Amino acid sequence: MNRSLLPLVVVLVAAACTGRSPAPEATTTPAREIVLMTHDSFAASDEVLAAFEDETGARIAILEAGDAGTMLNQAILTKDDPIADVLYGIDNTFLGRGLAEGIFLPYESPLLDDVDPTLLPTDVDPDHRVTPIDYGDVCINYDATFFTELDPPATLEDLVEPAYRDLLVVEDPATSSPGLAFLLATIARFPEDSGYPWTRYWEELVANGVEIAPDWEQAYYGRFSGGSGEGDRPLVVSYASSPVAEAYFGELDEPPTGVVVDGCFRQVEYAGILRGTRREDLARRLVDFLLSPTFQEDIPLNMFVFPANTEAGLPEVFVEHAVIPGSPLGLDPELIDARREEWIRTWTEIVR
Amino acid sequence: MSRPGPALRTLAAVPLAFLGWFFVYPIARISLLALAPGGRFDPTPFAEVVTDPGIRSVAFFTLWQAVASTIGTLVLGLPAAYVFARYRFPGRRLLRALMTVPFVLPTLVVASAFVALVGPGGLLGVDLQGTVAAILLAHVFYNVPIVIRGVGAFWEQVDPAVGDAARTLGASPVRAFRTVTLPLLVPALASTAALVFLFTFTSFGVILVLGGFEHATIEVEIWRQTVAFLRLDVAAALSLTQLGFLAVVLAGYNRLQARRAVVLPQRPGSRHLRTPRGARDLGAVAGILGVTAAFLLGPLVVLVRRALLTPTGFGLDNFVALTERTTALFVPPVEAISNSLRFAAAATVLAVLVGVTAAVVVARDRGALGRGLDLLLMLPLAASAVTIGFGLLVSMDRPVDLRRSTLLLPIAHALVAVPFVVRAALPAMRAIGGRLREAAAVLGASPWRAWRTVEAPLAARALAVGTAFAFAVSLGEFGATAFLARPAAPTLPIAIFRLLGQPGRGTIGPAMALSVVLLVLTVAAIAAIETLRVGGDEL
């Protein structure tokens with residue numbers, strides 16, 4: 001036999017032998033570990049996560065599974081045999097799909113009493129299959145240095161005025177979560193059956209020179225002129241907390257950007273216990289932990305969204321600069337789930 | 001032809017059961033999803049595929065990038081194919097072997113190499129990631145070896161005397177080439193072009209990494225519709241549409257192959273080789289080889305360099321970092337190595353078992369069973385890896401739930417590898433028991449001696465080549481794996497993909513290091529094939 005084959009045979013035999021060891025899942029998930037599935041934007045302080053381990057003796061293994069939609073789809077595609085115990089980061093634009101697919105187990109956390117009641121999706125989820133953990137508002141941001149003589153827009157309607165021609169950049173709702181939120185805001189504000197439907201609003205936005213970017217990064221850093229943006233458009237769809245982030249990371253006394261508080265869409269992120277988990281008790285404790293002030297107070301500076309627990313204190317920079325829109329827009333999660341694709345397709349035809 | 005005997009029929013049950021369960025059945029489930037999403041006939045998913053402007057532009061892009069890649073590949077590959085076909089020079093065999101390397105590389109290694117070359121912070125200083133240029137460059141890099149090998153080998157066997165004769169009769173060199181040599185090359189050119197077209201049409205990993213948001217092939221769109229939008233019916237309709245199209249292309253390719261066999265050449269090729277003489281000849285040969293070698297080997301050198309690059313110079317930091325867990329991957333990247341080896345070992349066993357039994361049946365039975373099996377075996381090739389992965393994903397819940405089984409990935413890899421194993425084993429299986437045995441008997445060998453000295457080594461070598469093929473295919477498989485791998489047990493390509501997908505988190509260096517590991521493992525497997533093959537030629 002040819003000598004050169006020997007190494008290959010050795011590798012094969014060695015590999016075949018290791019193949020008899022227990023299934024990979026079992027080796028990486030010992031009894032005292034709980035898997036938290038979340039999206040790629042998840043961030044938390046190590047010492048905060050360690051607090052859970054001190055409390056329960058179980059380590060939290062974070063499984064980042066792509067953007068929010070991809071994460072949820074992965075949970076759905078593996079639903080009889082979940083790859084995690086708890087899912088965190090499904091938002092109200094995807095909640096309908098998650099609930100309809102039946103991937104969550106009901107759990108009513110004792111800490112729900114401290115949660116802002118407007119965040120509870122009571123209509124669609126009376127048995128608490130999901131628990132609100134954080135929220136944030138998607139709003140138009142403006143470059144404060146640009147709007148010195150001209151006032152920043154005050155309403156969504158202003159954006160179709162000639163004064164704001166060629167100033168706005170938005171994200172593609174097909175590929176971007178804030179982009180979708182903004183589209184939903186316009187649908188909530190300009191209902192289809194009204195005299196001025198959202199489709200007409202978007203036609204006018206297009207006529208007024210709105211620019212489309214594929215995702216938030218390219219819109220904010222690439223096309224927006226304010227703050228850390230390097231483009232030339234002074235208006236962008238971003239978050240109500242973006243100016244706070246600008247002040248925090250730029251170590252500035254005043255943020256270089258501002259928020260248009262009209263026409264904001266509220267995104268609420270929920271956590272839920274995945275059906276099929278073999279550690280339901282531990283999973284419940286993890287949901288409690290996510291709602292506890294320890295974790296909740298760690299949220300703002302890590303993910304730049306607001307804690308759902310009203311007892312949780314806000315960091316200094318949020319207290320100083322954060323803007324929380326008084327009456328954000330929202331839509332029924334089941335309606336969103338039923339019509340999302342159709343809306344996006346209609347939108348694509350309008351802007352194309 | 002007589003009906004196949006019971007032994008042969010029993011043997012045929014192995015590949016038939018495997019392909020039936022893991023290929024035909026999943027395709028049936030895909031068809032059901034696409035044609036009857038709600039339980040009864042409903043062509044809406046197809047209507048959507050046809051009318052959705054987004055999907056139409058994906059189809060258009062898939063087609064034109066494949067055509068452009070094919071043309072680019074031929075333009076860059078033909079001069080080198082000519083040099084290898086006509087000239088003798090020192091290091092010819094080694095250089096040709098090296099130039100074959102890109103073709104056997106896993107797609108994620110190619111993608112990594114081009115990120116290192118023309119990605120953000122790449123060596124060339126231009127960031128082409130997300131552009132068509134990056135995609136076409138990677139495709140040409142990937143496929144030029146097919147031209148050098150496929151057209152080159154054929155060209156080598158075309159007797160230059162034919163062209164010389166034309167020139168003696170007064171034709172200019174251009175005219176002689178155009179009217180005599182080129183027509184002889186057409187079958188080889190056409191079948192090579194068809195193959196390159198097929199490969200680039202179903203490109204997945206390269207596009208996913210280098211194509212950014214805007215560029216998607218049908219393969220990428222199937223993946224996106226599944227994981228990003230959960231529109232399984234649309235993904236299924238896309239899968240079926242592509243399957244139909246590829247089957248047509250593949251049938252065309254097979255006809256070309258058949259015709260090509262008819263025109264086969266006159267004399268063994270190496271006799272026509274000449275040494276380059278004179279400054280012009282020498283310059284042209286050196287120039288063509290230099291440019292081609294730089295294009296084919298440069299990206300790999302850049303990949304290795306990037307893997308060794310650290311913030312403070314060169315070192316093994318990126319390799320050391322493979323033992324650390326990052327947010328990009330659920331487990332330390334180093335675990336992907338043992339996962340991949342383990343999956344590849346299991347996939348190899350399956351693929352060799354299925355492939356060799358199939359090859360025996362196809363070689364022995366010239367009737368409907370053998371021919372039908374031969375055709376069935378080629379189908380996974382037309383189906384594309386993404387369709388195989390998608391099909392297993394949507395079908396393995398019933399009748400036995402295999403979705404959690406650690407065998408699911410090896411099964412998928414074996415499906416992708418089986419056509420290759422069959423092709424490797426078939427010639428030997430045809431020879432065994434046939435004329436070789438008769439020749440040995442005529443020369444006075446007993447049946448036992450004939451088996452031991454002639455047939456057994458032949459069978460062993462075919463088995464070994466098939467083994468190495470299956471192993472290499474499994475190591476690099478990405479399209480099917482992307483649908484089936486679980487986060488706790490990523491393979492090397494999956495780990496590389498995840499690491500590459502998180503720019504700004506310091507995972508690009510480790511991604512390059514892991515790509516180098518995969519590169520080395522693959523090249524080792526391929527080197528084994530080459531050595532065994534060469535031995536086979538000498539038989």
Side-chain angles (χ1 to χ4, degrees), chain A residues 1-9 11-29 35 37 40 42-43 61-67 69-74 76-78 80-81 83-84 97 101 172 174-175 213-215 217-218 340-341 344-345 348-349 352, chain B residues 48 52-54 212-214 224 226-232 234 325 327-331 335 338-346 348-349 393-394 397 401 403-406 410 457 460-461 464 467-468 471 483 486-490 498 501-502 504 521 524-525 527-532 535:
Chain A
M1 187 134 123
N2 208 308
R3 260 184 309 141
S4 64
L5 197 62
L6 211 60
L8 194 73
V9 171
V11 170
L12 274 179
V13 171
C17 293
T18 53
R20 266 182 232 117
S21 65
E25 252 104 346
T27 54
T28 49
T29 319
V35 182
M37 185 179 195
D40 288 344
F42 175 84
I62 307 288
L63 170 59
E64 289 188 9
D67 60 42
T70 305
M71 166 195 70
L72 175 64
N73 293 344
Q74 216 181 334
I76 292 169
L77 288 170
T78 54
D80 303 320
D81 177 22
I83 51 181
R97 181 185 295 177
E101 293 283 349
D172 185 341
T175 50
D215 58 15
E217 274 80 12
Q218 293 189 43
R340 184 196 299 108
E341 309 299 341
I344 291 176
R345 217 172 311 142
T348 309
E349 276 160 27
R352 189 178 290 267
Chain B
E48 215 164 303
D52 186 311
F213 266 110
E214 295 98 294
R224 254 196 223 162
T226 307
V227 303
F229 307 126
L230 204 71
R231 290 160 74 189
L232 300 185
V234 174
R325 215 191 140 249
T327 53
L329 206 63
F330 191 54
V331 296
E335 283 189 19
S338 54
N339 290 337
S340 267
L341 289 175
R342 203 163 49 214
F343 288 136
T348 303
V349 171
L393 179 78
V394 298
D397 53 339
D401 194 342
R403 285 170 305 169
R404 198 193 172 105
S405 164
T406 40
R461 187 169 287 131
T467 302
F471 196 75
F483 287 85
R486 291 176 72 93
R498 284 292 293 178
Q502 312 245 314
L521 286 173
I529 300 176
E530 283 290 307
T531 327
L532 292 164

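Reminder, nothing fancy here: chain letters follow the sequence lines and each chain counts from 1. Since we're looking at a predicted model, the values are computed, not measured.
For Glu64(A), the parts lying under 4.5 angstrom from a heavy atom of chain B are both the backbone and the side chain. For Ser340(B), no part sits under 4.5 Å from any heavy atom of chain A, backbone or side chain. Contact annotation for Arg97(A): only side-chain heavy atoms (C-beta onward) come within less than 4.5 Å of a heavy atom of chain B. With a 4.5 angstrom heavy-atom cutoff, Arg224(B) does not touch chain A via any of its atoms. Residue Phe483(B): no heavy atom, backbone or side chain, is found under 4.5 Å from chain A. Only the side chain of Leu393(B) comes within contact range of chain A, with at least one heavy atom under 4.5 Å from a heavy atom of that chain. Heavy-atom distances place the backbone of Ala174(A), and not its side chain, under 4.5 Å from chain B. Using a 4.5 Å cut-off between heavy atoms, Asp401(B) makes no contact with chain A at all.
In this structure, the side chains of Arg345(A) and Glu48(B) come closer than 4.5 Å at one or more pairs of heavy atoms. Contact check for Pro487(B) versus Gln74(A): side-chain heavy atoms found under the 4.5 Å cut-off.
Of all heavy-atom pairs spanning Arg403(B) and Leu77(A), the tightest one is NH1-O, 4.3 Å. Nearest heavy-atom pair, Arg498(B) versus Asp40(A), reported as atom, atom and distance to 0.1 Å: NH2-OD1, 3.7 Å. Residues Ala228(B) and Thr70(A) come closest through the heavy atom pair CA-OG1, 4.1 Å. Nearest heavy atom pair, residue Phe330(B) against residue Val35(A), reads CZ-CG1, 3.7 Å. The heavy-atom pair separating Arg486(B) from Asp81(A) by the smallest distance is NH2-O, 3.1 Å. Here the shortest heavy-atom pairing between Leu230(B) and Glu101(A) reads CD2-OE2, 4.2 Å.
When Thr348(A), Asp215(A), Asp67(A) are compared by the number of non-hydrogen pairs under 4.5 Å with chain B, Asp215(A) comes out ahead.
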